[in-house]
Amino acid sequence: MTDQADTVEAIRWQENKLQLLDQRVLPHEIAYLTYGDAHAVADAIRDMVVRGAPAIGITAAYGIVLAARACFAQSPVDWKRAIEADLQTLTASRPTAVNLFWAIERMREVIAGIEGDPEAALLAEARRIHDDDIAANRHMGELGAALIEAPCAILTHCNAGALATGGYGTALGVVRAGFAAGKITSVYADETRPWMQGARLTAWEMVQEGIPVTLQAEGAAAHLMKQGRVGWVIVGSDRITANGDVVNKIGTYGLAVLARHHGVKFMVVAPASTVDMSIACGDDVAIEQRSPDEVLYLAGQRIAAEGAEAWNPAFDVTPAALVDAIVTERGVVRNPDVEKMRAMMERA
Ligand code: MRU
């Protein structure tokens with residue numbers, strides 16, 4: 001596994017298998033599940049054992065190592081044709097986070113150049129994707145924290161932390177760096193219905209780090225901002241389109257509207273692998289619809305009236321016009337538009 005991870009590890013490669021920290025049972029249980037099969041890895045992504053855009057991409061990359069091992073064992077001559085079905089299965093696991101497709105494409109490029117046993121080369125590439133993500137997060141942490149002028153509390157949504165990435169986190173990477181620098185005093189975390197990533201995951205990460213964290217129901221955000229309790233909203237992203245629109249966990253758009261109304265700044269932190277310059281604007285991104293049961297039930301217990309239906313889009317689109325800054329490892333884009341996004345992506 002990577003040398004760089006010094007925060008919680010959502011993903012690790014041990015004894016030639018993939019291990020995923022089961023995020024469905026956190027914070028009550030810390031349990032790693034072991035995977036030796038690419039189809040099971042795809043199921044783990046779909047079922048939210050692992051979640052968060054960069055973490056999904058890294059997981060898929062390790063899944064391809066497992067797929068290549070099995071295909072090569074079965075047919076050393078024909079494994080490149082055989083692995084296609086596994087690549088398709090991984091591609092179909094979740095639709096919105098572009099990091100998944102980006103990582104599969106990177107692995108596909110390595111596959112094209114391999115002769116002989118593919119495992120070592122593919123494992124090296126998966127590790128590189130993993131390590132690069134952690135390095136990007138650390139750099140973004142510094143860049144994002146530098147944007148905060150006066151010490152303040154911040155509000156975050158969902159979980160864009162170590163658990164959602166290779167390590168350290170995107171939005172929570174800025175929190176880690178900003179807290180260490182005295183720029184961020186504390187974190188308000190939306191509990192983030194229906195999966196409760198804020199209550200279960202962000203709160204847990206912050207408590208582990210000794211960073212003061214206060215949970216709130218999403219509906220409290222307007223009141224929080226009106227009272228002047230936060231200086232910034234800081235979130236991650238699952239896909240940023242060419243014009244700077246930001247696709248992120250459902251509820252993010254509402255926070256951006258509220259932030260603009262109340263004079264609170266809005267920062268999006270995501271690696272360049274989350275930027276999709278092939279899509280013009282956020283309305284063109286496929287938004288994952290998840291099971292209504294995730295809304296109707298909580299922890300296996302029905303909470304909604306019998307007979308009620310539920311609508312469960314997992315993500316929404318925040319227009320670029322509501323974003324004050326996009327932070328990537330390639331630099332900061334203030335008031336994003338298509339020219340600024342292109343210039344940032346062209347940087348090394
Ligand atoms: O459904 P999830 O938990 O995978 O959604 C995750 C998010 O929306 C995160 O905010 C986003 O992926 C950024 S993670 C660094």
Side-chain angles (χ1 to χ4, degrees), residues 7-8 10-11 20-24 26 44-60 93-103 130 132-134 136-138 140-141 144 155-176 187 189-202 204-205 218 233-240 246-256 266-276 282 285-291 294-295 312-318 323 326-329:
T7 51
V8 56
I11 307 160
L20 299 174
L21 179 58
D22 188 351
Q23 300 194 30
R24 301 167 304 177
L26 280 172
I45 294 172
R46 185 175 309 103
D47 297 343
M48 311 273 284
V49 172
V50 61
R51 31 65 52 200
I56 291 171
I58 294 162
T59 299
S93 57
R94 285 190 82 186
T96 305
V98 73
N99 307 63
L100 175 67
F101 313 112
W102 171 89
H130 194 167
D132 287 354
D133 186 66
I134 300 171
N137 290 340
R138 291 193 169 277
M140 291 188 287
L155 171 62
T156 192
H157 189 66
C158 194
N159 171 267
L163 290 166
T165 63
Y168 197 71
T170 55
L172 295 188
V174 171
V175 167
R176 287 184 162 95
V187 174
D190 277 346
E191 54 184 10
T192 317
R193 282 279 295 147
W195 265 86
M196 297 293 192
Q197 288 96 331
R200 297 187 303 104
L201 309 178
T202 294
W204 184 69
E205 276 195 42
E218 270 99 315
V233 174
I234 306 180
V235 294
S237 176
D238 284 76
R239 193 183 302 225
I240 300 173
V246 172
V247 183
N248 193 46
K249 179 54 57 194
I250 191 77
T252 303
Y253 172 37
L255 291 182
F266 192 87
M267 184 193 306
V268 179
V269 190
S273 54
T274 300
V275 178
D276 184 354
V285 175
I287 300 292
E288 177 181 15
Q289 293 286 334
R290 293 188 63 88
S291 166
E294 293 179 353
V295 175
N312 189 16
F315 302 98
D316 60 23
V317 179
T318 299
V323 176
I326 292 176
V327 178
T328 78
E329 75 277 25

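We count ligands from 1, going down the list as the structure has it; atoms in each ligand are counted the same way. Just so you know, these numbers use all the heavy atoms, side chains as well, and skip hydrogens, waters and symmetry mates.
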Those residues with a heavy-atom separation under 4.0 Å from ligand 1 are Met48, Arg51, Gly52, Ala53, Pro54, Arg94, Cys158, Asn159, Ala160, Ala164, Thr165, Thr170, Gln197, Gly236, Ser237, Asp238, Asn248, Lys249, Phe315

Fill in: Donor + acceptor pair across side chains of Asn248, Ser237 (<3.5 Å)
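No, no side-chain donor-acceptor contact under 3.5 Å.
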
Quiz item: Pick one: which of Gln197, Lys249, Arg51 meets side-chain hydrogen bond (donor to acceptor under 3.5 Å, both in side chains) with Asn159?
Solution: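 That would be Arg51.
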
Practice prompt. May I ask you to decide whether Arg193 forms a salt bridge with Glu218, counting only side-chain N to carboxylate O separations under 4.0 Å?
Written response: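 Salt bridge: no.
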
Set of side chain to side chain contact (heavy atoms under 4.5 Å, CB included) partners for Ile250, sequence neighbours left out =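 Checked Ile250 against side chain to side chain contact (heavy atoms under 4.5 Å, CB included); matches are Pro313, Asp316.
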
| said: Taking side chain to side chain contact (heavy atoms under 4.5 Å, CB included) as the definition, give me every residue that meets it alongside Val98, ordered by chain and number, with sequence neighbours left out. | reply: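 Scan of Val98 (side chain to side chain contact (heavy atoms under 4.5 Å, CB included), adjacent residues dropped) gives Phe101, Arg239, Asp276.
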
For Glu294, the side-chain hydrogen bond (donor to acceptor under 3.5 Å, both in side chains) test, sequence neighbours excluded, returns Trp195, Arg290, Asn312

